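Report on one structure; see the data block that follows.
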Amino acid sequence: MSCVRAVRGLAPVCGFQPLAVLSRGVSFSPRQVTSDASFHSVSFSESDHPRVLITGGLGQLGVGLAKLLSGVHMLSPFIYSDVLDYKNLCEIVVNNRISWLIHYSILLSVVAEANVSIARDVNITGLHNVLDVATEHGLRLFVPSTIGAFGPTSPRNPTPDLCIQRPQTIYGVSKVHAELMGEYYHHRYGLDFRCLRYPGIISADSQPGGGTTDYAVQIFHDAVKTGRFVCNLRPDTRLPMMFIDDCLRATLEFLEAPAETLSMRTYNISAMSFTPEELVREIKKQLPDLQVTYEIDPVPQAIADSWPMVFDDGNARSDWGWKHNYSLPELVQTMLKFTGSDSRMARAN
């Protein structure tokens, strides 16, 4: 597969080729696909591998998915582009013979609340551009949604695929907009639109990027570096979470799923739900000297209090076979390994 990544929506093109476009930029790298893999594309014959454009390609998920698609462990070259530049996006799609478009370009929850006008441009206008590009060129389009697409009037434990949403952040509003516009384009124009509502995604490969669930990433870095962590959420704040490897695998499996297996276009996916207190307790099994204090930030706390506590992802599990690999103990062990806790534990002993 080949892959291109771009900047403001960085995108990789992959053979599976991923092409990543940054929020403003794109990169390309080749990928070898196993002979028993099965791919389906509107624009390509069954014998061809999809070529994948990833917007937001230098972000946590864009980089990870580009590596997965291209089968390499290095950052692919990228093309700088802008998801707000419709003409340039069309040129990238045509010049690189793109067949799948994965749209990761987004401002996350806390950052978006501090930059509403920019979030409106990137999260909504950028979406309109990729919808039109995908429709015009017959692409398979994947747009992630989020636990943030729900609001305080939504059922929180559990939260089903279909229920009242009504989020109270520009991030959440833009995601509901994306879900509904994508489904409209599917029914009105036949666009192969696919959407997964991600929980909080935890990865050791990148620094937190302004999301409400980012405490669950920062705690590992601080635990290893200093042995101390200040949490900005209450200790009893329960949110759905997932390790990045599960998230990326779910995305690829969903993209590969035959259209006839899908009963809907937007699915919840999840792996676990935990509170800061539960996460700290699990980490202390490995790092017993970790010191945690709580200094509540009202902005992310209010956002978290409006989000689901537990995701019901039964439809994803039954329709296309979603199954997670990482629960909380496996997550903690893996994150501590990647963030270098082995040396810290050796010094402590």
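Both backbone and side-chain heavy atoms feed into the values below; hydrogens, waters and symmetry mates do not. The structure displayed is predicted, hence computed values, not measured ones.
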M335 side chain reached by F243 side chain, heavy atoms, under 4.5 Å:
yes
Between K175 and E179, does at least one N-O distance fall below 4.0 Å, as a salt bridge requires?
no
For T159 and S154, which I'm curious about, is there any donor-acceptor pair between the side chains at under 3.5 Å?
no
Between A112 and Y171, which heavy-atom pair has the shortest distance, and what is it?
CB-CB, 4.3 Å
I want to check something: taking the side chain as every heavy atom from C-beta on, are L196 and P144 in contact at a cut-off of under 4.5 Å?
no
One thing to verify: whether R249 and D246 come together as a salt bridge, which I'm taking to mean a side-chain N less than 4.0 angstrom from a carboxylate O.
yes
Testing the basics here: between I201 and Q60, what is the closest heavy-atom pair and its distance to 0.1 Å?
O-NE2, 3.7 Å
Compare all side-chain heavy atoms of N315 with those of M264 and state whether any distance is below 4.5 angstrom.
yes
Looking at every heavy atom in both L255 and R140, which two are closest together, and how far apart are they?
O-NH1, 2.6 Å
Could you tell me whether E278 and R281 make a salt bridge, using a distance below 4.0 angstrom between a side-chain N and a carboxylate O?
no
Electrostatic pair D313-R317, nearest N-O below 4.0 angstrom
yes
Should K87 and D85 count as an ion pair when the cut-off is N to O under 4.0 Å?
no
Can you tell if the side chain of F311 reaches within under 4.5 Å of the side chain of I147, non-hydrogen atoms only?
yes
Under a 4.5 Å cut-off applied to non-hydrogen side-chain atoms, are L127 and S174 in contact?
no
Do the non-hydrogen side-chain atoms of I219 and L279 ever get within less than 4.5 Å of each other?
yes
How far apart are the closest heavy atoms of S270 and M241, and which atoms are they?
OG-O, 4.3 Å
Counting N and O atoms only, with roles assigned by atom type, does the side chain of T55 sit under 3.5 Å from a partner on the main chain of Y104, one being a donor and the other an acceptor?
yes
Are there more than 12 heavy atoms of other residues, nucleotides or ligands under 6.0 Å from atom CZ of R166?
no
Do NZ/NE/NH1/NH2 and the carboxylate oxygens of R234 and E277 come within less than 4.0 Å?
no
Side chains of V332 and F220: closer than 4.5 Å at any heavy-atom pair?
yes
Treating R194 as the side-chain partner and T266 as the backbone partner, does any N or O pair qualify as donor plus acceptor under 3.5 Å?
no
H186 side chain to L191 backbone, donor-acceptor under 3.5 Å:
yes
With rounding to the nearest 0.5 Å, note down the distance linking CG in L108 to CG in N123.
8.5 Å
Compare all side-chain heavy atoms of Y267 with those of L262 and state whether any distance is below 4.5 angstrom.
yes
W320/F254 aromatic ring centres below 6.0 Å:
yes
Here's a test for you: under side-chain contact (heavy atoms from CB on, under 4.5 Å), which of E183, H187, M181 qualifies with Y185?
M181
Taking all atoms of both residues into account, what is the closest heavy-atom pair of R197 and N268, and its distance?
NH1-OD1, 2.9 Å
If you take all heavy atoms of L233 and Q301, which pair is closest and at what distance?
CA-OE1, 3.2 Å
For D297 and V299, indicate whether the former's side chain and the latter's backbone hold a donor-acceptor pair under 3.5 Å.
yes
Apply side-chain contact (heavy atoms from CB on, under 4.5 Å) to residues L101 and H103 and explain how you reach the verdict.
CA-CA 6 Å; L101 199 164; H103 182 53; 4.1 Å; yes
